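Here's the structure, in structure tokens; my notes come after.
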Amino acid sequence: MSDNSLSPEFQQGKIDEVRRLIGPQSGKLALYCSDATISRYLRARNWNVKKAVKMLNASLKWRQEYKPEDIRWDDVAMEAETGKIYRSNYKDKSGRPVLVMRPRCQNSKSIKGQIKYLVYCMENAIIDLPEDQEQMIWLIDFHGFNLSHISIKVTKETAYVLQEHYPERLGVAILYDAPKIFEPFWMVAKPFLEPKTANKVKFGYADDTNTSKMMNELFDMEVVESAFGGKDNADFDITKYAERMREDDKRILSFWKMDASPLPTNSPLDSKIKREEDEDGAFINECVPMKSS
């Protein structure tokens, strides 16, 4: 069912039906359950009210237990220090925030720690959304990659968190210069993704004209990292990035102190997630800084 073929009245009717079925919410969950949030869950379940309600109720329970709004930079700083995931300081031409991922920079064996940091990054990207956007971009830099940098368990958990608790948040994920050795892993990992999510995954390669066209259509390449064919050669600076994240933490804190009145339909802060307590992760890789924060 195409969203474009559905009238606004039909969509609002479905939203109202979901809201009635989940019942009244209070506090932070009331803030979470905006019309925009409910619409994303409906779209993820092809506007099937029963399935959307089940999915949303599971997320509400998860949020209540995982408490994403309570996670701060200092809780995840150890996971972050190599720049394995960071929010870029630019957006795409549609205003979507960009999460850069560098598998070679993996520095932890803790699945809980890695997922906690992923959720923090997702939450951070969401508060950076403009009012007319709900989605973000993932740019995944495969330079220096080998199979020791990723695991099936973490990939499976990442897919679960993304699809079940952040529905319709991913615009496109570009896997840049993935080597041949990644192909078998991709064949194992792809079944974890719903077809709608898998279709958002694109492969890009340096010196490929189609990739160059795709990147130029999406971005101002003057500000994009050189690893993705852009002009920015600056290194990732953890000190500056930490300063940015601590400032963003204040925005999250101030938001959750708001009264639990309904959010504007397109509020960028209407989808928050929870996390588990972190484990101490053992450092397993050295990462050579390459990109700017």
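In what follows, every heavy atom counts, from backbone to side chain, and hydrogens, waters and symmetry copies are set aside. Predicted model only: the values in this text are computed from it and were never measured.
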Next on the checklist: Tell me if a side-chain donor or acceptor on T82 pairs with a main-chain N or O of C105 at a distance below 3.5 Å.
Outcome noted: yes
Checklist entry - Can you pull the salt bridge (charged side-chain N to carboxylate O under 4.0 Å, His left out) pairs that have at least one residue in residues 52-62, sequence neighbours excluded? => result K61-E65
Next on the checklist: The test is side chain to side chain contact (heavy atoms under 4.5 Å, CB included); show your working for M122 and H165 and say whether it passes.
Outcome noted: CA-CA 11 Å; M122 292 292 291; H165 302 307; over 6 Å; no
Item to check | Spatial distance of atom OH (Y160) from atom CG (L193) [nearest 0.5 Å] | outcome: 15.0 Å
Checklist entry - Does any pair with a residue in residues 91-100 pass salt bridge (charged side-chain N to carboxylate O under 4.0 Å, His left out), and if so which ones, sequence neighbours excluded? => result K91-D128, D92-R96
Next on the checklist: Donor-acceptor pair, distance only, cut-off 3.5 Å: does the side chain of R251 make one with the backbone of I127?
Outcome noted: yes
Checklist outcome for this item: Here the pair of heavy atoms bringing T211 nearest to F203 is OG1-O, 4.3 Å
Item to check | Any K14 side-chain heavy atom under 4.5 Å of I38 side chain | outcome: no
Checklist entry - Do any pairs count as a salt bridge (charged side-chain N to carboxylate O under 4.0 Å, His left out) and have a residue in residues 176-186, sequence neighbours left out, and if so which ones? => result K180-E183
Item to check | N233 and E225: CA distance, side-chain angles, deciding distance, side chain to side chain contact (heavy atoms under 4.5 Å, CB included) verdict | outcome: CA-CA 6 Å; N233 292 305; E225 295 90 341; over 6 Å; no
Next on the checklist: For the aromatic rings, using the six-membered ring if either is Trp, is the centroid distance between Y241 and W73 under 6.0 Å?
Outcome noted: yes
Checklist entry - CD/E243 to CG/D237 distance, rounded to the nearest 0.5 angstrom? => result 8.0 Å
Checklist entry - What is the distance from atom OG1 of T155 to atom NZ of K190, rounded to the nearest 0.5 Å? => result 15.0 Å
Next on the checklist: Under the criterion side-chain hydrogen bond (donor to acceptor under 3.5 Å, both in side chains), I'd like the reasoning laid out for T209 against S212: C-alpha separation, chi angles, the key distance, then a yes or no.
Outcome noted: CA-CA 5 Å; T209 54; S212 178; over 6 Å; no
Item to check | Lys/Arg-Asp/Glu bridge criterion (N-O < 4.0 Å) met for D249, R246 | outcome: no
Checklist entry - Does the side chain of F142 come within less than 4.5 Å of I181's, by heavy atoms? => result no
Checklist entry - Do any N or O atoms from the side chain of S226 and from the backbone of G229 form a donor-acceptor pair under 3.5 angstrom? => result no
Checklist outcome for this item: For N210, the side chain to side chain donor-acceptor pair (under 3.5 Å) test, sequence neighbours excluded, returns none
Checklist entry - Aromatic rings F185 and F182: how do their planes relate, parallel, tilted or perpendicular, breaks at 30° and 60°? => result tilted
Item to check | Check: E81 and N107 side chains under 4.5 Å, non-hydrogen atoms | outcome: yes
Next on the checklist: Can you tell me how the ring of Y176 sits relative to the ring of H143, calling it parallel under 30°, perpendicular over 60° and tilted otherwise?
Outcome noted: tilted
Checklist entry - Between E164 and R169, is the closest basic N to carboxylate O distance under 4.0 Å? => result no
Show the atom names and distances, to 0.1 Å, of all donor-acceptor pairs under 3.5 Å that link a side chain in residues 18-25 to residues at least two apart or in another chain.
residue : atom : partner : partner atom : Å
R19     : NH1  : C33     : O            : 2.9
R19     : NH2  : C33     : O            : 2.9
R19     : NH2  : D35     : OD1          : 2.7
Q25     : NE2  : I22     : O            : 3.2
Q25     : NE2  : G23     : O            : 3.4

Item to check | Contact summary for I238 and A80, nearest pair of heavy atoms | outcome: CD1-O, 3.8 Å
Next on the checklist: So which atom in G144 and which in H149 form the shortest heavy-atom distance, rounded to 0.1 Å?
Outcome noted: O-CE1, 3.1 Å
Checklist entry - Any ion pair linking K28 and E69 (charged N to carboxylate O, less than 4.0 Å)? => result yes
Next on the checklist: Quick one, V98 with F228, criterion side chain to side chain contact (heavy atoms under 4.5 Å, CB included). Give me CA distance, side-chain angles, the key distance, then yes/no.
Outcome noted: CA-CA 13 Å; V98 178; F228 305 108; over 6 Å; no
Item to check | Nearest non-hydrogen partners of D141 and P103, listed with the distance | outcome: O-CD, 3.1 Å
Checklist entry - Donor-acceptor pair, D75 side chain versus R72 backbone, under 3.5 Å? => result yes
Checklist entry - Roughly how far, to the nearest 0.5 Å, is CG of L175 from CE of M101? => result 10.0 Å
Item to check | Value rounded to 0.5 Å, distance of OG in S88 from OH in Y86 | outcome: 7.5 Å
Item to check | I85 side chain reached by E79 side chain, heavy atoms, under 4.5 Å | outcome: no
Checklist entry - Is there a side-chain contact between L253 and K250, using heavy atoms and a 4.5 Å cut-off? => result no
Checklist entry - Heavy atoms, side chains only, cut-off 4.5 Å: are I140 and R102 in contact? => result no
Checklist entry - Does the salt bridge (Lys or Arg N to Asp or Glu O under 4.0 Å) test come out yes or no for R45 and E194, once each step is laid out? => result CA-CA 11 Å; R45 290 298 178 259; E194 296 173 0; 3.5 Å; yes
Next on the checklist: Ignoring hydrogens, what is the shortest heavy-atom contact between N48 and K51? Give both atom names and the distance.
Outcome noted: OD1-N, 3.0 Å
Checklist entry - Should V119 and I115 be marked as a side chain to side chain contact (heavy atoms under 4.5 Å, CB included) after you check the CA-CA gap, both sets of side-chain angles, and the distance that decides it? => result CA-CA 6 Å; V119 172; I115 295 301; 4.2 Å; yes
Checklist entry - From D220 CG over to Y90 OH, what is the distance, rounded to the nearest 0.5 angstrom? => result 10.5 Å
Item to check | S108 and Y117: CA distance, side-chain angles, deciding distance, side-chain hydrogen bond (donor to acceptor under 3.5 Å, both in side chains) verdict | outcome: CA-CA 11 Å; S108 170; Y117 182 48; over 6 Å; no
Checklist entry - Do the side chain of T158 and the main chain of V154 share a donor and acceptor less than 3.5 angstrom apart? => result yes
Checklist entry - What closest approach, in Å, do A52 and L42 show between heavy atoms, and which atom pair accounts for it? => result CB-CD2, 3.7 Å
Next on the checklist: Could you tell me if the side chain of S59 sits less than 4.5 Å from the side chain of Y166, heavy atoms only?
Outcome noted: no
Item to check | Residue N199 excluded, over 12 heavy atoms near CG under 6.0 Å | outcome: yes
Item to check | Side chains of W186 and V201 in contact at under 4.5 Å (non-hydrogen atoms) | outcome: yes
Checklist entry - With no hydrogens and no angle check, is any side-chain donor or acceptor of Q11 less than 3.5 Å from a backbone partner on L6? => result yes
Checklist entry - Counting N and O atoms only, with roles assigned by atom type, does the side chain of Q106 sit under 3.5 Å from a partner on the main chain of K84, one being a donor and the other an acceptor? => result no
Next on the checklist: Applying side chain to side chain contact (heavy atoms under 4.5 Å, CB included), can you list everything that pairs with E168, at least two apart in sequence or on another chain?
Outcome noted: R40, R43, A44, Q135, K196, K200
